[in-house]
2 protein chains.
Amino acid sequence: MRIGELAERAGTTTRTLRYYESRGLLAARRGANGYRDYDEADLRLLEQIRVLQDFGFDLEDTRPFVDCLRAGHDAGDACPASLDVYRAKLAELDACIARMQDVRAEVAAQLARAEVAADAGIPGGPDPKCHLS
Amino acid sequence: MRIGELAERAGTTTRTLRYYESRGLLAARRGANGYRDYDEADLRLLEQIRVLQDFGFDLEDTRPFVDCLRAGHDAGDACPASLDVYRAKLAELDACIARMQDVRAEVAAQLARAEVAADAGIPGGPDPKCHLS
DNA sequence: GTAGACCTTGACGTCTGCGTCAACGCCAGG
DNA sequence: CCTGGCGTTGACGCAGACGTCAAGGTCTAC
């Protein structure tokens, strides 16, 4: 199949596929007219890349998975290098989540403090609105 | 004080200060020689910006805080617009944390599955190492 | 034969927060 | 006077994953 069809089937763009090729992932055969020619295996490679991208893996991190598939394995994560990437990503995610939770707590504390200060600063300001009248 | 001193006192660089100025934050008076001239109030502005930056706020988000300080308030978060930024950031952090936790769970599941598959694929491979011998 | 849909490569634009020159002005010390 | 250390503006570089345009070749249908 040609690049447009592959892009559509994978839910991406031709630009993206050319970009992946320029990065050394997803090589393509060429037809007599110079057009790129892909097969079903390429579609699977591409799907693997896309899944990882959706997880927030950067392109370099997908390389071991692609290599693994190209080596003939039926899954991109059937190789040790891929598992290492998984583990590194887990550690990275854990660190990132912890950091964001810390920040969240600090921001929440700041907000609470500032809200209290605002209440104090406007004496009688936001007092009960639902007082019957 | 001049730009180098302010940068050093705030733990940042002169480039950063000029960048903030170009973004409309942190305006500076100019001396007769064209040198920027800052005072203690500017240091406080800068500290406010840096705190928020460390929290992962982008520069635009710091603007309400800066405006608030410039308006004469003794805290950057003494104005409603700043509180709105806090609240928006909390929502953003919550969404981001939730997303990352989902991804973490999916990656962990993939890793577990792939590890099991690897064990099955190498029969008698990683069998108990700590068997007494 | 010509319109239109597809393909090719090349190269610049995007977004953010600066880093890193380049080329120059200003000022104090020896 | 010269050197060194500060300051000035302007402008390009980077990282990531492409978007978007330009200028052209190719193939199909009418």
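So you know, we letter chains A, B, ... as the sequences are listed, proteins then strands, and number each from 1.
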Measure from [atom1] on [X] to [atom2] on [N] and round the result to the nearest Å.
| X | N | atom1 | atom2 | result |
| --- | --- | --- | --- | --- |
| Leu25(B) | dG17(C) | CG | P | 10 Å |
| Tyr38(A) | dC7(C) | OH | C1' | 11 Å |
| Asp37(B) | dC27(C) | CG | C1' | 16 Å |
| Phe57(B) | dT16(C) | CZ | C1' | 17 Å |
| Tyr19(B) | dT20(C) | OH | C1' | 16 Å |

Open item on the list: Run Glu21(B) and Arg18(B) through salt bridge (charged side-chain N to carboxylate O under 4.0 Å, His left out) and show every step you take.
Closed with: CA-CA 5 Å; Glu21(B) 184 173 323; Arg18(B) 294 198 188 95; over 6 Å; no
- [ ] Could you tell me whether Asp74(B) atom CG has more than 12 heavy atoms of other residues or ligands within 6.0 Å of it?
- [x]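 Not buried by this count: 12 neighbours or fewer within 6.0 Å.
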- [ ] Please check if atom CZ in Arg87(A) has more than 12 non-hydrogen atoms from other residues, nucleotides or ligands closer than 6.0 Å.
- [x]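 Atom CZ in Arg87(A) is crowded, with more than 12 foreign heavy atoms closer than 6.0 Å.
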TODO: Please round to the nearest 0.5 Å and tell me the distance separating atom CG of Leu52(B) and atom CG of Asp61(B).
DONE: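 It comes to 8.5 Å.
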Task: Spatial distance of atom CZ (Arg15(A)) from atom CG (Leu17(A)) [nearest 0.5 Å] - done: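 Rounded to the nearest 0.5 Å, the CZ-CG separation comes out at 10.5 Å.
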- [ ] Determine: side-chain N/O of Thr16(B) to OP1/OP2 of dG19(C), distance under 4.0 Å, yes or no.
- [x]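 So the side chain of Thr16(B) is within the cut-off, an N or O lying under 4.0 Å from OP1 or OP2 of dG19(C).
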Task: Side-chain N,O (Gln53(B)) to OP1/OP2 (dC18(C)) below 4.0 Å - done: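 It does, given that an N or O in the side chain of Gln53(B) lies less than 4.0 Å from OP1 or OP2 of dC18(C).
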Task: Single-linkage hydrophobic cluster, 4.5 Å side-chain cutoff, Tyr19(A) and Tyr35(A) together - done: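 Looking at the clustering, Tyr35(A) is in a separate group from Tyr19(A).
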Open item on the list: Of all nucleotides in DNA chain D that come within under 4.0 Å of a heavy atom of chain B, which is furthest toward the 5' end and which toward the 3' end?
Closed with: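 Contact span on the strand: dC6(D) to dA11(D).
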Open item on the list: Taking the basic N atoms (NZ, or NE/NH1/NH2) and the acidic carboxylate oxygens, is any pair closer than 4.0 Å for Glu92(A) and Lys89(A)?
Closed with: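 Result for this pair is yes, salt bridge flagged.
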Please write out the pairs of protein N or O atoms and N or O atoms of nucleotides 8-11 of chain C separated by less than 3.5 Å, giving the distance to one decimal.
unit_1 : atom_1 : unit_2   : atom_2 : d
dT8(C) : OP1    : Arg36(A) : N      : 2.9
dT8(C) : OP1    : Arg36(A) : NH1    : 2.8
dT8(C) : OP2    : Arg18(A) : NE     : 3.2
dT8(C) : OP2    : Arg18(A) : NH2    : 2.7
dT8(C) : OP2    : Arg36(A) : NH1    : 3.3
dT8(C) : O5'    : Arg36(A) : NH1    : 3.4
dT9(C) : OP1    : Arg30(A) : NH1    : 3.2
dT9(C) : OP1    : Arg30(A) : NH2    : 3.0
dT9(C) : OP2    : Arg36(A) : NH1    : 2.9
dT9(C) : OP2    : Arg36(A) : NH2    : 2.7

Open item on the list: Taking the axis from the first five pairs and the axis from the last five, what angle separates them in the helix from dG1(C)-dC30(D) to dG30(C)-dC1(D), rounded to 10 degrees?
Closed with: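 Computed angle between terminal axes is 40°.
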Check for a donor-acceptor pair, side chain of [X] on one end and backbone N or O of [Y] on the other, with a separation under 3.5 Å.
| X | Y | result |
| --- | --- | --- |
| Thr14(A) | Ile3(A) | no |
| Asp37(A) | Arg2(A) | no |
| Asp42(A) | Asp39(A) | yes |

Open item on the list: Can you confirm whether Thr62(B) sits close enough to Val85(B) that some side-chain heavy atom of one is under 4.5 Å from a side-chain heavy atom of the other?
Closed with: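 No. Closest side-chain heavy atoms not under 4.5 Å.
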